[in-house]
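Below is one structure; the comments refer to it alone.
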Amino acid sequence: MSDAEKRTFTDEEALSFHKHPTPGKIAIVATKPMATQRDLSLAYSPGVAVPVLKIAEDPETAYDYTSKGNLVAVISNGTAILGLGNLGALASKPVMEGKSVLFKRFADVDSIDIEVSATDPDEIITVVKNIGVTFGGINLEDIKSPECFRIETELQELLDIPVFHDDQHGTAIISAAGLINACHITGRNLADVKVVLCGAGAAGIASLDLIKAMGVRADNCIAVDNTGVIYRGRTAGMNQWKSAHAVDTDARTLAEALVGADVFLGLSAKGVLTQDMIMKMAPNPLIFAMANPDPEITPEEVHAVRPDAIVGTGRSDYPNQVNNVLGFPYIFRGALDVRARRVNLEMKIACANALAQLAREDVPDEVAAAYHGRQLKFGPEYIIPSPFDPRLMAYIPPFVAQAAMDTGVARKPIPDMDAYRASLAQRLDPSAAFLQKLQGAVLKAPKKRIVFAEGEEPSVIRAAHGFQSAGLGRAILVGREDLVLENMKAAGLDPTEVNIEIVNARVSEHNPEFVDFLYARLARQGYLKRDVQRLINQDRNSFAASMVALGHADGMVTGVTRSYDQVLEEVLRVIDPDPAAGSWA
């Protein structure tokens with residue numbers, strides 16, 4: 001199936017999206033009121049003179065009195081736009097606006113796009129150096145290799161703020177996270193894996209740099225470009241960045257390099273990798289075919305001949321998407337929040353490790369909803385977190401910020417990392433502050449036993465698991481054990497690792513006690529004892545409410561499969577309202 005067939009929009013829809021109701025994707029919004037003369041006096045003359053003088057006296061106060069500390073410039077000259085090539089600075093503007101939108105949407109970082117009509121590296125460096133004081137960070141984008149290496153390196157030395165070329169490091173960080181987890185699944189050590197890179201451009205070279213820094217041995221890595229293997233002694237098509245990855249090898253082609261290899265990193269072109277080539281790779285190979293818009297080989301082609309392979313691409317319509325949006329927003333969020341002077345190697349490694357760790361944790365229901373109910377679970381088809389995972393904002397930046405503090409590039413260390421995580425969660429979710437207060441109160445109180453009445457439902461099982469895993473109390477699931485365990489697996493949970501109590505109403509040792517209790521309540525309402533026995537056996541709300549009423553549980557959760565009115569009626573058969581408490585007892 002072609003890319004055009006797979007995508008869910010037409011060219012006309014894409015153009016309309018960018019044109020209406022207002023051209024473009026970003027706008028400037030004031031953060032201070034402008035409703036009165038006094039507001040105007042404070043915002044501009046004469047009030048603005050006060051922070052001007054403060055900043056002139058101490059430049060660091062610019063972070064306190066201006067938007068600098070939460071402002072990133074997305075800068076491009078359009079020489080390498082997506083997979084479209086050199087189309088010029090102006091043509092890159094829709095992409096750069098889109099990047100700015102992603103900064104705001106995923107990490108609440110304000111961002112503005114800047115397109116530079118220059119191809120000479122010295123001119124670009126001069127422009128960015130002279131405007132860099134405005135921003136808290138610089139994100140370089142879609143600048144071709146090898147010029148991008150020099151531009152980033154020199155700007156990092158000239159500016160006292162993070163300068164980050166996402167085309168290089170974003171791809172490197174996300175693929176490194178996938179490599180960590182692929183090794184975890186297949187029982188490999190990073191130091192032992194044999195890696196072949198196809199495509200020695202900006203992202204490819206950065207990927208090799210990063211995984212080598214993380215422990216992959218240099219002599220286990222072979223890089224291949226459109227001339228062939230980059231070996232020691234080769235002179236054709238070389239530069240200083242490629243030379244750094246030259247190795248002693250007899251391999252001269254991609255096919256020869258891949259014999260016995262564990263990992264293929266593809267950042268080249270469609271069709272470069274063939275089924276014959278991957279047949280000669282090591283068992284359980286990791287294949288990251290990341291060429292866009294079409295990968296070097298499709299997952300279907302891989303699995304037709306290597307069902308043991310773990311495959312990732314750059315596309316959202318396949319599992320294990322290497323998506324840079326998992327990296328750059330959260331790297332800058334963490335870097336900005338400690339006022340970092342740069343994004344160093346340790347911060348990139350911290351981000352990769354954090355992403356790998358998050359992918360191994362239970363996936364929340366919000367992510368399943370974004371994928372039309374498909375339940376994601378750590379394994380060969382889920383080694384990289386979903387971009388829609390709501391935990392990313394509070395999870396990744398603290399790792400980056402901590403690495404910045406540990407390596408001495410943070411101007412403003414964070415004293416309380418737990419409070420920082422809480423503040424991150426609140427930035428994108430207004431309800432987070434209330435929920436965090438509620439969760440904090442629950443954590444401080446003695447642990448409660450909460451019975452989940454509809455314990456056979458996958459969503460309820462996941463909720464119970466989340467409740468217990470968070471240390472909020474002990475969960476009890478009401479249901480038939482075999483069905484609960486079966487649905488636990490369907491919910492992406494391993495029953496051998498989930499220690500949740502399961503109670504079957506029919507065979508519970510408390511069944512007679514509950515029947516006697518409820519019969520005493522309902523006998524005068526026309527219920528026979530056999531009616532009550534049926535309620536306890538078959539109506540899980542009656543059974544769960546009886547557990548609460550008789551002290552076998554401290555609370556109950558229900559209402560997933562039935563309406564509020566029906567559930568309330570069933571609970572009130574068992575438990576009376578407490579007028580003094582203003583709530584149900």
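Because only heavy atoms are used, hydrogens play no part in the values below, and waters and symmetry mates are left out as well, while side chains stay in.
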Would you check, one step at a time, whether the test side-chain contact (heavy atoms from CB on, under 4.5 Å) holds for Phe264 with Leu273? CA-CA 9 Å; Phe264 171 83; Leu273 185 62; 3.7 Å; yes
Determine whether a donor-acceptor pair (N or O, by modelled atom type, separation under 3.5 Å) exists between the side chain of [X] and the backbone of [Y].
X      : Y      : answer
Ser423 : Tyr420 : yes
Arg333 : Pro397 : no
Glu301 : Thr274 : no
Gln321 : Gly314 : yes
Glu346 : Ala404 : no
Asn541 : Val567 : no
Arg540 : Phe452 : no
Glu296 : Ala291 : yes
Arg360 : His184 : no
Ser175 : Ala172 : yes

Met393 vs Asp108, test: side-chain contact (heavy atoms from CB on, under 4.5 Å). Steps then yes/no. CA-CA 9 Å; Met393 176 61 158; Asp108 195 29; 4.3 Å; yes
Rounded to the nearest 0.5 Å, what's the gap from [atom1] on [X] to [atom2] on [Y]? Could you check?
X      : Y      : atom1 : atom2 : result
Asn284 : Cys183 : CG    : SG    : 11.0 Å
His169 : Asn324 : NE2   : CG    : 11.5 Å
Asn181 : Thr186 : CG    : OG1   : 10.5 Å
Leu197 : Leu254 : CG    : CG    : 10.0 Å
Ser546 : His510 : OG    : NE2   : 11.5 Å
Arg573 : Tyr527 : CZ    : OH    : 4.5 Å

Could you pull out the closest heavy-atom pair between [X] and [Y], with the gap in Å?
X      : Y      : result
Tyr318 : Glu300 : OH-OE1, 3.0 Å
Ile575 : Ala545 : CD1-O, 3.7 Å
Val109 : Pro329 : CG2-O, 4.4 Å
Ala544 : Met556 : CB-CE, 3.8 Å
Tyr395 : Pro398 : O-CD, 3.5 Å
Ser386 : Leu392 : O-CD1, 3.4 Å

For [X], does the [atom1] atom sit with more than 12 other heavy atoms under 6.0 Å from it, leaving out its own atoms?
X      : atom1 : answer
Asn499 : CG    : no
Lys25  : NZ    : yes
Glu569 : CD    : no

Are any of the side-chain nitrogens in [X] or [Y] under 4.0 Å away from the carboxylate oxygens of its partner?
X      : Y      : result
Lys348 : Asp209 : no
Lys448 : Asp554 : no
Asp494 : Lys377 : no
Asp539 : Arg534 : no
Lys280 : Asp276 : no
Asp482 : Arg480 : no

Would you indicate whether the side-chain heavy atoms of [Y] and [X] approach each other to under 4.5 Å?
X      : Y      : value
Leu355 : Ile396 : yes
Lys529 : Gln533 : no
Met281 : Val196 : no
Glu457 : Asn487 : no
Arg217 : Lys194 : no
Val193 : Asn220 : no
Leu286 : Ile383 : yes
Val574 : Leu535 : no

Between Asn511 and Asn537, do the side chains contain a donor N or O and an acceptor N or O under 3.5 Å apart? yes
Is the Phe543-Phe514 ring centre distance short of 6.0 angstrom? yes
Parallel under 30°, tilted from 30 to 60°, perpendicular over 60°: which one fits the rings of Phe388 and Phe106? tilted
Over 60° means perpendicular and under 30° means parallel, so tell me whether Phe328 and Phe103 are parallel, tilted or perpendicular. perpendicular
Could you walk me through whether Leu424 and Asp337 pass the side-chain contact (heavy atoms from CB on, under 4.5 Å) check? CA-CA 10 Å; Leu424 288 170; Asp337 290 338; 3.9 Å; yes
Would you sort out whether Arg449 and Met547 count as a side-chain contact (heavy atoms from CB on, under 4.5 Å), showing the intermediate values? CA-CA 10 Å; Arg449 299 161 300 167; Met547 289 184 69; over 6 Å; no
Exactly one of Leu210, Val263, Ile174 should register a side-chain contact (heavy atoms from CB on, under 4.5 Å) with Leu179. Which one does? Val263
